[in-house]
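Structure first, commentary second.
Note on naming: letters A, B, ... go to the chains in the order of the sequence lines (proteins, then strands), and numbering restarts at 1 for each one. Only heavy atoms go into these numbers, but all of them, side chains included; no hydrogens, no water, no symmetry mates.
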Amino acid sequence: MSEQKGQVEPTHPAESSLARVRPPRYDFATFEAKWRERWEREKLYQVDLYHARRPYYNLMMFPYPSAEGLHVGNMYSYVGSDIHGRWMAMQGYDVFEPMGFDAFGIHSENFAIQRGIHPRVLTARNVERFREQQLKRIGNRFDWSHEVHTTDPRYYRWTQWIFLQLFKNGLAERKTAPVNWCPKDKTVLADEQVIDGHCERCGTLVERRWLEQWFLKLTRYAQKLLDNLEWLDWSERVKMLQRNWIGRSEGLEFAIEIDGMPDVRVQVYTTRPDTIFGMTFVALAPLHPLIPQITTKTQLADVAAYQQTANRLHTGTEHTMTGVFTGAYALHPLTGERIPIWIADFVLESYGAGAVMGVPAHDERDMAFVKAMGLPVRTVIVQPGSAHPAEEPQEAFVQPGVLINSAGYSGMTSAQAAGALFTWFEECGKGHRVAKYRLRDWLISRQRYWGPPIPIIYCQEHGAVPVPEEQLPVLLPDVENWMPTGTGASPLAAIESFVHTTCPICGHAARRETDVSDNFLDSAWYFLRYFSHDDETQPWDPDLLRKWLPVDMYIGGAEHSVLHLMYARFLTRSLHDLGHLEFEEPFKRFRANGMITKDGAKISKSKGNIVNPDSYITRFGTDVFRVYLMFMGPYQAGGDFSDHGIGGVVRFLDRVWSLVTQHAQNASAQAPQGEERRVIHRLIKRVTEDLATLKYNTAVAALMGYLNSLETRSTLTREELRTLLMLLAPMAPYITEELWQKLKHPGQNHSIHATSWPSFDAEAIGAETLILPIQINGRVRGRIEVAHDTPEAEIKSQALQVPQVQSLLATQKVTRMIYVPERLVNIVTA
RNA sequence: GGGCGGUUGCUGAAAUUGGUAGACAGGGCGGACUUAGGAUCCGUUGGCGCAAGCCAUGAGAGUUCGAGUCUCUCACCGCCCACCA
């Protein structure tokens, strides 16, 4: 179809560029395969873990080998991390860059159910594809000799071992608690796996059930996890997410007496003690343990009925206020006034004390509740300066202010009153200042098949008994009946030979725990295992950990900011406190790469927008795709994937190829001089700084600009060509190696990846002349070029000689002249 | 509702951290080469204007000799959390 010239093409062509852009002219397929094989054969990426002199642990998040395959988002993350690793290696570090697979869990199991194939079979298939067809082709310097599999009994034996260490030290406990239950997956979920009241995996509306489950005591570490964020070198936004997730707040917890029940106290928590005189009701969570005790006879039926209906999970969008009166009255701790005690489903049993003082005048939820229930409102805080409250306030005034109607505290500011009340409560022993955390304990029980069995035995006499360590692993039975039973119990519960065992203490018949542990437990310690992946005698080698840990650089997606990263920190810290690890924190530095979206949406199978890197790699080569991904935009920002500009990178590497091959023979052996020398050092500085800060996009841009300048010249020096290749090597490992070999001296026999990163000469850069803009009243009128060390007076007089300035000054008078050193000259006129 | 981040040409984006806004690419337009290559090369490309020039970094104000960058107000967008007392 011949188009009229001048016709505008749509700016967003719907079809992929795959078919429209030509592949590189150089024979990437041959040499990429050649180097891949040679490097594997020569074990280029294997480090001597014991004898490495400058160990550098470059970690990336091992994948969950799904059926959909590795997508561009994964590759983006891995390539950016690998560039960092390659760069550190060129700086002389012994970089360890291992890889493994995280394949237990509901996601794999659900897919297996859908296909009717055993998850073990499917997992093996997916892992094979991930490793051989995908991960080995993205150009990363992976050391495959330390591959880790969480589903391998040699691995999960130690996952179970870790659980036992926590159990023996009181950090794992079985307790009855309201839990999130997914009716479709037929298992409980951690709070973190419930999104907007729905199951993270299958989207089903989650129910609330009261069950006995295994928890790891994450809350015991809330403050420690918070404190260490102070000094960790992590992306600031990830630290912020963790802080919010831990959710520390400080407030007053106090006991309220009940009228006519001298033995009963209700604990209440508030962050606003200054509003205490505005309390007009007390509200308990629907499942609060004191409800049976305090409910009066007349209210029993209503309360029981209410507890039935309120036994649901709130879903963010529902804000209807419901509640029921218990019949009991609390006594106000300061005034002795009788205050009705209600049950309300807006109160969460899992936060604070599970009970709140209701101050409708100064809390939006309390206000909504009294409006629904017809309870009174009492204003006790007003804006400073305003004498009287509105007669019948319709909205809560939630800001701090000045107290009124508050006995001896009236007239104080909120802050003063809070301080005074803290003191009062502490002195009379009725309450105290406490910090509360939003963080909850980590629920790890899963009533599923595809995970490590929790290594516990239940004995009639001895209760929950840990499986002796020498009997680990508790093998996941390889059976045909692995599908969910539909009863809510784990499929393991139906396997008689698994369930029936004997008590390790008394030898009597006993039952095994039939739940498996959460997938996040597997991935919370994998980085400790790479060094001893096949060691059957210990989880890790302390000598190697001393040498290599904590992780020097961890790069991965920000979506793991609160789950994986929090659990890994918790596990590391608790194992440290138990004497198993020498360091408190697992990851010295963490950087979150940006998320890659497709057409504005998160890449996921359910959205059907998975972009697979394989076809791009096949068509354009690994180097082109790596450079293209990094050139798209700032690495830590991510972006929307489109293959729009990939032709630009193809042309770039093609031109690198032809430039180097053309000049390989005749390039001068002399060092570049003058401006050429300055340019090359400026480039080295620029690229070095960009790599250090993960600004890969501008590093590529700088190299493109340099190539443009080299192409305009007829003779080049070897140093210029070599520098170009070295600076490009971390991003495009294959083409730079191939060209390096064409360029090298006879007898020089090492890989470009074993050369040392070029350093820049600050003096060479500093010697440049300055181009100073000349402004008049803020507007640039011209420029002058002066030597670096020209005195200020000389610069000023030169500035006045600029023709544009002269013509303007013909009509105006100079009142002031400002020279900003090395920046500009500014002239201000009357 | 809360927290964090963002908004720059047709598109992805740069901007030495307060100093010539749009580097480097993609796309467009004009041309050359030859001819038919999924090319390549040259020129041009923020807007308005023949020009000198003027106007432009979501909108509006402020600080400053000078603001994309700092301050305030507002409007959108994204992510995370969300009845957390």
Taking [M] as the reference, what is the distance to [N] when you measure between their [atom1] atoms (whole Å, please)?
N      : M      : atom1 : answer
U16(B) : U11(B) : C1'   : 26 Å
C54(B) : A21(B) : P     : 12 Å
G78(B) : A67(B) : C1'   : 26 Å
U69(B) : A15(B) : C1'   : 10 Å
G22(B) : A75(B) : P     : 33 Å

Counting only side-chain N and O atoms of [X], is one of them less than 4.0 Å from OP1 or OP2 of [N]?
X         : N      : result
Lys695(A) : A23(B) : no
Asn697(A) : A14(B) : yes
Arg438(A) : A82(B) : yes
Asn244(A) : A82(B) : no

Partner nucleotide, any strand, of [N] [Watson-Crick/G-U, under 3.5 Å]:
N      : answer
G43(B) : C29(B)
G1(B)  : C81(B)
A23(B) : none
C74(B) : G58(B)
C48(B) : G53(B)

**Request:** Determine the contact category for Lys602(A): base if any of its heavy atoms lies under 4.0 Å from a base atom, sugar-phosphate if only primed atoms, P, OP1 or OP2 are that close, otherwise nothing.
**Result:** sugar-phosphate
**Request:** Over 60° means perpendicular and under 30° means parallel, so classify the ring planes of Tyr616(A) and Phe641(A), tilted if in between.
**Result:** perpendicular
**Request:** Describe, in one word, how the ring planes of Phe369(A) and Phe281(A) are oriented to each other, choosing from parallel (under 30°), tilted (30 to 60°) and perpendicular (over 60°).
**Result:** tilted
**Message:** Let's see if you can work this out: which of A25(B), A85(B), A14(B) has an atom nearest to the side-chain heavy atoms of Tyr351(A)?
**Reply:** A85(B)
**Item:** Listed nucleotide nearest any side-chain atom of Leu348(A), set C81(B), A85(B), A14(B)
**Value:** A85(B)
**Message:** Between Tyr306(A) and Thr322(A), do the side chains contain a donor N or O and an acceptor N or O under 3.5 Å apart?
**Reply:** yes
**Prompt:** Out of curiosity, Leu225(A) CG to Gln242(A) CD, how far, rounded to the nearest 0.5 Å?
**Reply:** 7.5 Å
**Nearest-nucleotide comparison on RNA chain B, the residue closer to the 5′ end among Gly354(A) and Arg237(A)** = Arg237(A)
**Asked** For Gly648(A) and Arg686(A), take the nucleotide of RNA chain B holding the closest heavy atom to each; which residue's nucleotide lies nearer the 5' end?
**Response** Arg686(A)
**cation_pi(Arg569(A), Trp234(A)) dist<6.0 Å, angle<=45** = yes
**Request:** Report yes or no: is the cationic atom of Lys436(A) (NZ for Lys, CZ for Arg) under 6.0 Å from the centre of the six-membered ring of Tyr351(A), at an angle within 45° of the ring normal?
**Result:** no
Write down the protein N/O and nucleotide N/O pairs, taken from nucleotides 39-46 of chain B, whose separation is under 3.5 Å; answer none if there are no such pairs.
from, atom 1, to, atom 2, distance (Å)
A39(B), O2', Arg25(A), NH2, 3.0

**Request:** Taking the side chain as every heavy atom from C-beta outward, state whether Gln307(A) and Val324(A) have any atom pair closer than 4.5 Å.
**Result:** no
**Request:** Could you tell me whether the side chain of Pro340(A) reaches within less than 4.5 Å of the side chain of Val282(A), counting heavy atoms only?
**Result:** no
**Asked** So, is G9(B) syn or anti if syn means the angle is within 90° of 0?
**Response** syn
